[in-house]
2 protein chains.
Amino acid sequence: MATAVASAAQWQEQVADKRKRLLASIPSEWIISPVPDDQPNVLDVPKTCGLLTDRELEITNTADVSLILRKLATAEWSAVEVTTAFSKRAVVAHQVVNCLTEVFVDRALQRAVELDAHLKEHGTVVGPLHGLPISLKDQFPVKGLETTMGYAAWIGKVAEDDAVLVKLLERAGAVLYVRTNVPQTLMWAETYNNVFGRTLNPYNRKLTPGGSSGGESSLISMHGSPLGVGTDIGGSIRVPSHFCGLYGFKPSSHRMPAYGIVNSLDGQESVPSAIGPLTVSLSGVTAFVRGVLDQEPWRYSPGTVPKPWSQDDYLLKNHDGGKKLCFGIMWDEGSVKPHPPVLRALSRTKQALEAAGHKVIEWKSLRHSEYIAVARAAWLADGSEDYNACLTTGEPLIHSMDPNADPHDIPDFRIPRKPLTAYQTWQLHKERRELRKAHLDRWEATISESGTGRPIDAIICPPAPYTAVPHGQTRSSIYTVIWNALDSPSLIIPVTKVDAQVDVMPAREEFWSAEDKLIHGMYDVKLYEGLPVGVQIIGPTLQEEVVLGVGEVIEAALKNH
Amino acid sequence: MATAVASAAQWQEQVADKRKRLLASIPSEWIISPVPDDQPNVLDVPKTCGLLTDRELEITNTADVSLILRKLATAEWSAVEVTTAFSKRAVVAHQVVNCLTEVFVDRALQRAVELDAHLKEHGTVVGPLHGLPISLKDQFPVKGLETTMGYAAWIGKVAEDDAVLVKLLERAGAVLYVRTNVPQTLMWAETYNNVFGRTLNPYNRKLTPGGSSGGESSLISMHGSPLGVGTDIGGSIRVPSHFCGLYGFKPSSHRMPAYGIVNSLDGQESVPSAIGPLTVSLSGVTAFVRGVLDQEPWRYSPGTVPKPWSQDDYLLKNHDGGKKLCFGIMWDEGSVKPHPPVLRALSRTKQALEAAGHKVIEWKSLRHSEYIAVARAAWLADGSEDYNACLTTGEPLIHSMDPNADPHDIPDFRIPRKPLTAYQTWQLHKERRELRKAHLDRWEATISESGTGRPIDAIICPPAPYTAVPHGQTRSSIYTVIWNALDSPSLIIPVTKVDAQVDVMPAREEFWSAEDKLIHGMYDVKLYEGLPVGVQIIGPTLQEEVVLGVGEVIEAALKNH
């Protein structure tokens with residue numbers, strides 16, 4: 001008992017020390033005047049705090065990554081000034097939404113100086129991401145820096161090498177400058193842990209920015225970063241993107257280089273996580289995916305598919321050049337009806353596409369609850385042994401994201417399951433295979449109603465049944481997990497904002513499930529007013545370029561509508 | 001006890017019935033005069049038996065698949081006559097080496113008639129494999145036929161649908177006509193089971209044709225098939241190809257469509273099996289891989305990588321067009337020294353390549369025993385539960401391929417291991433990842449000595465430490481398992497034949513291991529005289545086209561040397 005207390009005290013001391021060191025890593029002249037705790041929306045703080053110059057505001061407000069890259073490549077903006085501007089804004093954001101875990105601006109500025117010198121001397125960029133500041137979820141080790149991933153026991157764990165992706169991003173010219181917060185275990189759609197505490201949604205700090213890449217979504221929606229790298233095993237890129245009005249992309253699991261990252265459930269391959277970007281523009285998603293693939297990541301990261309960027313696929317060469325596409329629209333997955341603004345975002349997308357000459361057909365939910373069951377069984381196959389192995393210093397396992405929850409209460413869904421045997425996981429893989437086959441066959445069968453001579457070109461569906469919700473209130477990420485179980489590339493595009501005038505919840509007397517009723521009851525249009533709403537676009541496994549090309553078509557249709 | 005006896009009798013009755021039905025499926029006019037049991041070499045029997053016409057001998061002797069395809073496409077040979085010729089020769093082969101499990105010539109001829117009619121009517125082939133007879137290992141279900149896979153309990157298991165690959169091969173124009181024998185459980189480098197008995201090597205029937213695709217290698221080396229489809233989890237395509245003088249190719253696991261096949265250890269994905277061809281010519285390997293990829297298998301088989309055939313890769317566009325390549329040669333893996341003819345095949349390949357202007361550098365064995373350990377742990381993770389689930393009718397598990405073994409003796413390596421938990425397999429995946437990373441890094445590092453500005457273009461190594469050996473004498477397939485653990489595409493090219501005059505075993509006093517000593521002691525040049533010897537060519541994961549392109553370079557160098 002004495003040991004346990006001593007140990008508890010010890011991990012808390014380590015946390016206090018880590019927080020002190022995080023604070024010390026922020027240049028003191030970038031500390032802003034306190035913002036009142038009860039101010040919900042803090043999106044304007046970077047402008048009103050007075051720290052950023054007009055030029056720095058102009059740079060960081062640029063909501064088009066390709067434009068930032070162009071200005072950097074032409075030396076209209078130097079890498080040093082772009083890095084400085086985003087670093088300052090990231091630090092400002094952190095002070096109001098608590099999004100950062102590591103700040104390494106000195107290292108970033110040193111790299112920026114080199115990039116500027118290279119451009120000046122050679123007249124050419126170092127690579128396709130020359131000078132672009134990129135933030136990293138706290139899973140991507142950078143040599144010489146700690147990687148904590150929200151575990152107290154990992155404080156002081158200094159990386160001996162960069163993750164492969166870190167090396168390749170730097171080779172492509174990116175400037176890495178901050179890492180961002182995650183939930184403990186990563187397996188939550190919110191962002192809270194015992195080391196760094198809770199990350200807040202800048203649209204309304206009473207709400208969650210989503211998770212597990214919630215440090216990223218919070219930071220980027222405040223324009224503290226133009227583009228960040230997250231991971232997604234069940235929605236961890238897409239839910240935060242949707243909650244914070246960003247573009248987010250979950251590629252197939254084996255397209256991006258994963259070697260050298262730290263992860264939850266490490267070694268679990270039945271329904272693995274995927275690495276992808278969250279960013280302010282669709283051009284950012286494409287710049288990232290293409291920029292990484294151009295580095296031939298399969299030469300350095302085992303398990304990464306050697307499939308170079310295909311410009312033909314991106315230009316939809318086998319999809320009529322994007323002129324007339326056919327989409328399957330899935331309004332719901334059959335057990336939970338999405339809230340009015342989420343359905344309105346879908347309607348709006350459908351109308352925009354039809355107005356642009358495309359066809360939209362119904363895509364009925366197909367055995368989706370089985371996908372969720374398979375994914376959960378895969379993630380919990382270890383009986384939580386992986387989590388426990390990361391809690392070696394007395395830090396408690398977090399059982400709820402609710403700030404008011406009794407930390408000793410363990411909800412049913414967090415009670416560890418009986419571990420599976422290897423043979424049982426083999427049977428699970430057979431189940432998953434049958435589900436994936438059913439999906440492929442359904443997809444192919446749409447050829448009879450697409451009117452294009454091809455099967456549908458993509459599916460459009462909700463990213464979640466709701467927009468951002470209060471801390472602790474997210475539910476199972478059913479609308480995103482489906483596509484992890486299928487390993488389908490999935491893109492989030494922001495479409496609209498909640499509007500109390502139109503997003504009226506119709507009265508309902510019958511519900512599809514208890515979960516449906518619960519989520520229906522969560523709707524509070526006053527609380528949600530002004531929150532961003534996205535749609536999710538899904539394509540075939542490992543055809544990332546097609547999904548991005550289709551994304552461009554949708555984006556253009558929405559803009560013209 | 002009474003039940004066990006009754007049950008034992010029952011499975012044996014089912015086997016007797018299955019064998020009777022197999023015999024009945026052979027046209028009686030194709031039964032040849034008996035060949036004396038003590039005649040070791042039966043390669044000439046198709047010619048001497050008198051059943052095949054001169055034209056049928058000419059067709060089946062053609063050792064170039066592209067030439068067969070050309071003659072079919074130009075209607076110089078009809079699909080019906082080619083199908084008839086190979087069907088007759090397959091049945092002849094079966095009578096002396098016991099290679100077939102299903103014979104469905106009527107179905108094949110019906111398809112051949114359709115193909116001939118199509119070509120006549122339209123003037124075009126049905127697909128890239130128009131009219132080519134293709135044999136199938138007993139793992140590829142064909143609708144309406146039994147799939148036994150060497151298990152008595154599976155007798156009578158009639159397929160309700162074709163495997164995806166079966167559908168796609170037929171769509172590409174292939175004619176399917178026979179299926180071939182395997183060892184019980186598939187996890188042996190020989191071919192023997194309780195249902196169909198033992199398959200023999202036509203070069204010397206006292207020897208094994210290898211396994212598990214040993215029905216294929218035996219059949220094809222007698223030209224009873226120009227091309228067969230096998231699977232390979234540890235060498236099951238490559239060992240039989242090497243033992244029987246064939247071209248054999250194990251692609252990466254996820255390149256070919258696996259949906260709908262039956263398999264051993266089904267659902268095991270840590271070190272999975274791969275589907276590939278065994279054939280009489282390198283052109284056959286390429287025709288198969290390209291022919292299947294042209295059908296876009298990823299649209300029908302979940303888990304198949306959507307990577308179309310790359311002609312640029314095949315033409316070695318990023319490898320100097322094949323003009324000056326650099327090879328890493330691995331003479332041995334460090335624990336077992338190969339027999340003299342195997343080393344001579346490597347020397348000869350090296351000399352031929354150097355004479356053609358290529359460079360050959362040493363590739364030292366890299367942690368190879370760890371690959372073997374990881375692969376074994378993956379395959380045995382179920383504590384043999386998968387095998388036992390397939391032995392439901394009293395049929396015994398086979399513990400040795402040795403005809404003289406006491407069937408009750410269980411050798412150490414066949415005693416079931418303690419099953420792994422899911423969490424333990426996650427740790428195994430982490431080990432495997434580190435091994436794969438070490439391999440990638442070693443490969444990249446060769447850039448400093450290749451002299452080409454690139455890393456090596458391929459590795460050349462032995463397919464096994466020996467040529468074909470007596471039944472029951474194969475050892476662990478260490479030289480092939482390495483590349484399954486790495487998921488590297490691996491090609492077998494036949495290079496030479498054992499020559500008692502030159503392949504003299506040097507005296508050795510020191511041995512690298514007990515296994516090394518044992519395998520050294522197995523060398524018997526009189527017994528092995530005239531047996532085929534191959535080399536193994538290895539490339540990077542999922543770059544099948546590069547390996548085939550490099551194979552062409554090696555083949556040309558060997559021919560010109």
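To find a chain, count down the sequence lines: A is the first, B the second, and so on, and within it residues start at 1.
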Would B/R299 and A/D441 count as a salt bridge (Lys or Arg N to Asp or Glu O under 4.0 Å) here? Give the steps. CA-CA 8 Å; B/R299 291 171 61 178; A/D441 287 350; over 6 Å; no
Atom group of B/P419 that falls short of 4.5 Å from chain A, counting heavy atoms: neither
Between B/R436, B/H429, B/K307, B/Q427, the one whose heavy-atom pairs under 4.5 Å with chain A are most numerous: B/H429
Please identify, among A/T425, A/V164, A/L486, A/D386, the residue contributing the most non-hydrogen atom pairs under 4.5 Å to chain B. A/D386
Are B/T541 and A/W298 close enough that some pair of their side-chain heavy atoms sits under 4.5 Å apart? no
Has A/K437 got a side-chain atom pairing as donor or acceptor with B/Y300's backbone, closer than 3.5 angstrom? yes
Measure the CG-OH distance between A/L420 and B/Y423 for me, rounded to the nearest 0.5 Å. 15.0 Å
Taking side chain as everything from C-beta outward and backbone as N, CA, C, O, which of these in A/S252 sits under 4.5 Å from a heavy atom of chain B? Side chain, backbone, both or neither. neither
Interface check, chain A: of B/G383, B/G260, B/P306, most non-hydrogen pairs under 4.5 Å belong to B/P306
Residue A/A389 versus chain B: region with a heavy atom under 4.5 Å: side chain
Does any backbone or side-chain atom of A/L265 lie under 4.5 Å from a heavy atom of chain B? Answer side chain, backbone, both or neither. both
Let's test your reading of the structure: which of A/R432, A/H254, A/Q424 forms the most heavy-atom pairs below 4.5 Å with chain B? A/R432
B/E444 versus chain A, the contacting section by heavy-atom distance below 4.5 Å: side chain
Can you tell me which portion of A/P540 sits under 4.5 Å from chain B's heavy atoms? Options are side chain, backbone, both or neither. neither
Tell me whether the count of non-hydrogen atoms from other residues, nucleotides or ligands lying under 6.0 Å of NZ in A/K430 goes above 12. yes
At a heavy-atom distance under 4.5 Å, which candidate from B/D266, B/T421, B/L428 has the highest pair count against chain A? B/D266
Could you give the distance from CH2 (B/W426) to OG (A/S270), rounded to the nearest 0.5 Å? 8.0 Å
